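Take a look at the structure set out below.
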Amino acid sequence: MEVIKLEKYNPQEIEGKWQKVWDAPDYYKTTEDDSRPKYYALEMFPYPSGNLHMGHVRNYSIGDVVARYRMMAGFNVLHPMGFDAFGMPAENAAIAHGVKPSDWTFSNIKNMISQQKAMGLAYDWNREVETCREDYYRWTQWLFELFYKRGLAYKKEASVNWCDKCGTVLANEQVVDGKCWRCDSEVHKKNLAQWFFKITEYADELLKDLEKLPGWPERVKIMQENWIGRSEGLEFSLEIPELGESVSVYTTRPDTAFGITFLALAPENPLVEKICAKSDKAEEIKAFCEKVKKQSEIERTSSESVKEGIFTGFYCVNPFNGNKAQIWVTNYVLAEYGTGAVMAVPAHDQRDWMFAKKYGMDIILTLQPKDKTLKLDEMKEAYVEKEGTLVNSGKFDGMEMHAAINAIIDEAEKLGFGKRHVNYRLRDWLISRQRYWGAPIPVIYCDKCGEQLVPENELPVKLPEDVEFKQGALSPLSTSKTFNDCKCPKCGGHARRETDTMDTFICSSWYYMRYTDPHNDKMPFDRDKVNYWSPVDQYIGGIEHAILHLLYSRFFTKVLRDAKLLDYDEPFTNLLTQGMVIKDGAKMSKSLGNVVTPEEIISKYGADTARLFILFAAPVERDLDWSDQGVEGSFRFLNRVWRILEIFEPAIKEGQSKYDVSKLTDEEISLRRKLHKTIKKVTEDLRDRFAFNTAISTLMELVNEMHAFQDKPINPGLARETAENLLKMLAPFVPHISAELWSKFFEGDVHKQSWSKFDEKAIVEDKIEIVVQINGKVRDKIKVDSGITKPELEKLAPTLDKVKELSAGKNIVKVIAVPGKLINVVIK
RNA sequence: GCCGAAGUGGCGGAAUUGGCAGACGCAGCAGACUCAAAAUCUGCCGUUGGCAACAACGUGCCGGUUCGAGUCCGGCCUUCGGCACCA
């Protein structure tokens, strides 16, 4: 027997070789062929920190499989990559090491691109986008102006979130548990004039359209729903006779309005000043307000905090029953939500209850539950259930609580002191940042003409380089000698520029549109092009953007649709939120010393092994436990593939693509059946389920069955058919080894092949095994004709030896037959 | 506190529509090859009892529906995530 000399699988060598081939500018050039359907596959673009970590590797491996599969399946695929390149770390590097933020950023980008190329990712680099380049941020500024012109960008003085460490303000979405999302330091309130985007104008549509997103994970939609926080209720006003003023409150519980015993104001409510102007307790009240305002965001908004307040000495009148209610300033009413004033009903609100108990105020029950009778002197807490019948509520007594809500709102509207009102928890998006490395806000302030947009033909407003990167309340741009002074576009007189830059989340709110037309210098993108490619068919990224980036992007899409720049409602049809990569039970981090870098894995095993392991070890949406031994196993599998195909080589080369299937032995028929079942399964897993782990395990099973022929002859036609399809199916997962093995045996390029189709006839079996159960327990397995019908199975059941044996002396009560699966005989 | 997700061998996980629980991989054990080891190939591998055929038990816990439940329903427990004075 001839000894076959095997060549060894050498990933370092073959990966470099193929990456060179793929680096040709046209290799992955996006096609826009009319005869094919389109598919837009997108991974969240990274911040250019300088190095890829395993989370990136996971993100891009998933996206690459999706994109490569769709390319082979006959789609025009858009699969681009770029960089979310503005942001604080570049500026911090400037402060710490004196490097220019642009130099730091571009050198990081260069490094990351080389790492991405080392992973063998199928991107069309012709479409790369970097948000810090003038040809991009010019359009970010242009879009700011579009928002402005549509009344969706405005500047106002407000109490805003300030992070000392970052030296800038933050949007509500960027404050997590009262701390800065980026640096984790405590955030406090500051009064500043800032730019906002009016996202609240779209609150209702952002909520409602979540229904149009069946391809999004439920939990992301629920998080957005909660964040938007829609509620329905009544807004009404209460007169303050001594002041000649009135105060508005919002409530979702109009059914408890007859139980108001006091009114609670936020210290920021404008009424407080009016009261102080006429009150002899003004000093005390002001001191209380100052004390509350000084508290940190955490102290201020924690439900654990002790409720405190001060009586103003003034009263308001409950318009429903004419009762007088004390007006208090308190620490537990939020200034920014509703009207900044709350009708307090201690009997039916736990916070009001605690407050009333502390300060000895009246409590009036207005609701009695069905199954018991509440007595005030026995109650330990407020009755807050939304169930019961009204009492102490005048003509509404005896009414069921839900009906009463509507009746009381109607009454308020009829009498003209209130109206039905919808409220949102969502606040407008604060977009100013007192930082350097971002897109300058294109606004000019003229003493004579006021706030002016920079004319479109003067965009971009470029970032100056003569700045000082000191941190503080002042934007670094204000230190530039060349930037500040300018001419008013309207009167030509002396004016100065806005020195704040935009939140980088604005840059990332439209980048996926720019990819569809990345070199356009007339518009951010062409309407036809964006409409052709968008929405994104599959978006892939981390759950951490469930609110932030994903909500902002939805908002942008709706605004640009209303501005007729595009014609769809939602940017991302399907969303896949990948889990984290963890090791030893924790997220990889320098401080824990459990970091495994992509570079070390690629240099030891190659990119194919890294990709394979990360896709195989866990379902994509779940956290992935890093395992060095698991990586070994993936490497072993690739070697196994390499070896068995080397063994098959003579047969593969001899085989023809058309061959006589009827000449196959039973064992060969069984291998061919496994092959076609594998094609079916892998196709379904890739197309419908993103179940890469099970797709890979099925391919492993096929390779295991191929090993049955390692030391005996195999039909050459079958060897060829199996090898060809195996390599095509492996190609999206492990592109280098697939390309290499393909080139050894076959013509052309595996990545340009069309996806495998399974042969229904090859899958069919004459005889199948079904389970025989007695009383639901498996007692036997039998071989039957695969086409056997239900009545035939039912007739067969009592004749089976095992059934006869176990039913001896008992009665067969019932026979359940499921063709293709089982027979269950019920005996008694 | 409210909302949501998850809980399956020693480990990662599979079971897609209510139908053989544990595919595939890791670890482990044994055999082949080898002077030997590594690598590779082959086999075994939920728990308990049994030489074995086999039997009983087994998907966080308790109960229910069903011929049949990891899967459906009700009630808990634990872990993780989100929100949290939003009136």
Side-chain angles (χ1 to χ4, degrees), chain A residues 6 176-178 217-227 229-231 233 249-253 256 264 266 300-307 330-334 336-345 348-352 354-355 384 423-427 543-544 546-547 612-613 616-619 621-634 636-637 639-640 643 681 684-685 688-689 691 693-701 703-704 707-708 710-711 769-781 813-818 820-827:
Chain A
L6 300 183
V176 182
D177 291 332
E218 210 54 40
R219 62 172 178 151
V220 173
K221 288 189 278 187
I222 289 167
M223 280 161 75
Q224 291 211 355
E225 199 180 308
N226 293 340
W227 189 260
R230 185 183 194 272
S231 72
V249 297
Y250 170 74
T251 181
T252 56
R253 296 296 303 276
T256 64
R300 202 55 217 266
T301 57
S302 166
S303 51
E304 311 296 308
S305 300
V306 179
K307 277 136 199 64
T330 71
N331 67 343
Y332 72 92
V333 175
L334 298 176
E336 314 94 68
Y337 183 78
T339 61
V342 170
M343 66 170 215
V345 183
H348 302 294
D349 182 285
Q350 186 56 24
R351 296 155 299 186
D352 300 341
M354 291 190 286
F355 197 85
V384 297
N423 230 330
Y424 297 93
R425 217 191 68 120
L426 182 73
R427 310 284 152 81
I543 186 77
E544 65 273 16
I547 309 242
L612 186 70
F613 167 72
F616 175 64
E621 68 280 0
R622 218 180 292 183
D623 283 350
L624 181 150
D625 243 325
W626 187 267
S627 151
D628 292 330
Q629 284 164 330
V631 177
E632 286 284 348
S634 294
R636 227 165 10 228
F637 171 70
N639 277 285
R640 214 165 135 81
R643 213 175 298 119
K681 167 85 172 146
E684 287 166 358
D685 280 354
D688 310 330
R689 300 209 308 150
N693 55 332
T694 54
I696 292 167
S697 73
T698 308
L699 289 165
M700 287 173 170
E701 287 178 46
V703 172
N704 288 346
H707 271 77
Q710 63 184 311
D711 40 31
E769 194 179 69
I770 67 162
V771 165
V772 180
Q773 296 183 340
I774 310 287
N775 290 345
K777 295 201 170 178
V778 180
R779 288 294 125 121
D780 202 8
K781 289 167 189 180
V813 181
K814 200 173 178 185
V815 175
I816 293 116
V818 183
K821 302 252 186 204
L822 54 65
I823 299 172
N824 186 15
V825 181
V826 185
I827 60 175

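In this text the structure is predicted, and so the values were computed from the model without any measurement. Naming: A, B, ... by sequence-line order, numbering from 1 per chain.
- Taking A:E769 as the reference, A:K781 meet the side-chain contact (heavy atoms from CB on, under 4.5 Å) condition, with sequence neighbours excluded.
- Under 4.0 angstrom from either OP1 or OP2 of B:A84 there lies at least one side-chain N or O belonging to A:R425.
- Mapping A:G229 and A:K681 onto RNA chain B by nearest heavy atom places A:K681 at the nucleotide closer to the 5' end.
- The partner of B:U16 is absent, by the rule that a Watson-Crick or G-U pair needs both atom distances under 3.5 Å.
- For A:K221 and B:G82, the NZ to C1' distance is 17 Å, given to the nearest whole Å.
- In this structure, B:A55 and B:U48 make a Watson-Crick or G-U wobble pair, each of the two defining distances being under 3.5 angstrom.
- Between the side chain of A:N693 and the main chain of A:F616, no donor-acceptor pair closer than 3.5 Å is present.
- Partners of A:R425 under the salt bridge (charged side-chain N to carboxylate O under 4.0 Å, His left out) rule, at least two apart in sequence or in another chain, do not exist in this structure.
- A:R230 comes within 4.0 angstrom of nothing in the nucleic acid, heavy atoms only.
- Using P as the reference atom, B:U47 and B:A38 are 26 Å apart when rounded to the nearest Å.
- A glycosidic torsion no more than 90° from 0 defines the syn conformation; B:G49 lies beyond that range and is anti.
- Remark: the A:N824 side chain and the B:C67 base include a donor-acceptor N/O pair separated by less than 3.5 Å.
- The phosphate of B:C41 (OP1 or OP2) has a side-chain N or O of A:H707 nearer than 4.0 angstrom.
- Nucleic acid contact class of A:V333 (heavy atoms, under 4.0 Å, all strands): base.
- Qualifying salt bridge (charged side-chain N to carboxylate O under 4.0 Å, His left out) partners for A:D349, counting only residues two or more places apart in sequence or in other chains: A:R351.
- Residues A:V825 and A:K814 are not in side-chain contact: their nearest non-hydrogen atoms beyond the backbone lie 4.5 Å or more apart.
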Evaluate side chain to side chain contact (heavy atoms under 4.5 Å, CB included) for A:H707 paired with A:Q710, printing each intermediate quantity in order.
CA-CA 5 Å; A:H707 271 77; A:Q710 63 184 311; 4.0 Å; yes

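- The CH2 atom of A:W227 sits 15 Å away from the C1' atom of B:G81 (whole-angstrom rounding).
- Look at B:G63: its Watson-Crick or wobble partner, with both distances under 3.5 angstrom, is B:C73.
- Taking the P atom of each, B:G46 and B:G25 are spaced 15 Å apart, rounded to whole Å.
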Which letters describe nucleotides 5-11 of chain B, given B = protein heavy atom under 4.0 Å from base, S = only from sugar-phosphate, - = neither?
-------

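- Between A:Q710 and A:R689, the one whose closest nucleotide on RNA chain B sits nearer the 5' end is A:R689.
- Between B:G82 and B:G13, the distance separating the two C1' atoms is 26 Å to the nearest Å.
- Here A:I816 lies in heavy-atom contact (under 4.0 Å) with a base.
- Panel note: side chain A:N824, backbone A:G776; a donor-acceptor pair is recorded below 3.5 Å.
- In a base pair of the Watson-Crick type (N1 to N3 plus N6-O4 or O6-N4) or a G-U wobble (N1-O2 and O6-N3), with each distance short of 3.5 Å, B:G22 is matched with no nucleotide.
- Counting heavy-atom neighbours within 6.0 Å of A:R219 CZ, excluding the residue itself, gives a total of 12 or less.
- Side chain of A:Y250, nearest nucleotide from B:A87, B:U16, B:A84: B:A87.
- Atom OH in A:Y337 sits roughly 17 Å away from atom P in B:C83 (whole-Å rounding).
- Comparing atom distances between the A:N226 side chain and each of B:U16, B:C41, B:C3 picks out B:C3 as nearest.
- Residues forming a salt bridge (charged side-chain N to carboxylate O under 4.0 Å, His left out) with A:E684 (at least two apart in sequence, or on another chain): A:K680.
- The base-pairing partner of B:A5, taking Watson-Crick or G-U wobble contacts with both distances under 3.5 Å, is B:U79.
- To the nearest whole angstrom, the two P atoms, one in B:C24 and one in B:C45, are 12 Å apart.
- Taking NZ of A:K681 as the reference point, atom OG of A:S697 lies at 6.5 Å (rounded to 0.5 Å).
- Using a 4.0 Å cut-off, no side-chain N or O of A:Y332 falls inside it from OP1 or OP2 of B:A87.
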Summarise how protein sits on nucleotides 20-32 of chain B as a single string, 5' to 3': B when a protein heavy atom is under 4.0 Å from the base, S for sugar-phosphate-only contact, - for no contact.
B--BBSSS-----

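- B:A37 and B:C51: their P atoms are spaced 33 Å apart (whole Å).
- The neighbour count for A:D177 CG, taken as heavy atoms of other residues, nucleotides or ligands under 6.0 Å away, does not exceed 12.
- Rounded to whole Å, the separation between the P atoms of B:G12 and B:A27 comes to 15 Å.
- If you take CD1 of A:I543 and C1' of B:G81, they are 8 Å apart, rounded to a whole angstrom.
- Between the P atoms of B:U65 and B:G70, the separation comes to 16 Å (whole Å).
- For B:A30, the paired nucleotide is B:U42, the pair qualifying as Watson-Crick or G-U wobble because both relevant distances are below 3.5 Å.
- With P as the reference atom, B:G19 and B:G28 are 36 Å apart, rounded to whole Å.
- Counting any heavy atom pair closer than 4.0 Å across all strands shown, A:D623 reaches sugar-phosphate atoms only and no base atom.
- Here the options are A:V818, A:L822, A:D780, the test is side-chain contact (heavy atoms from CB on, under 4.5 Å), and the partner is A:V771; only A:L822 passes.
- Ranking B:A84, B:A87, B:C85 by closeness to the A:K307 side chain, first place goes to B:C85.
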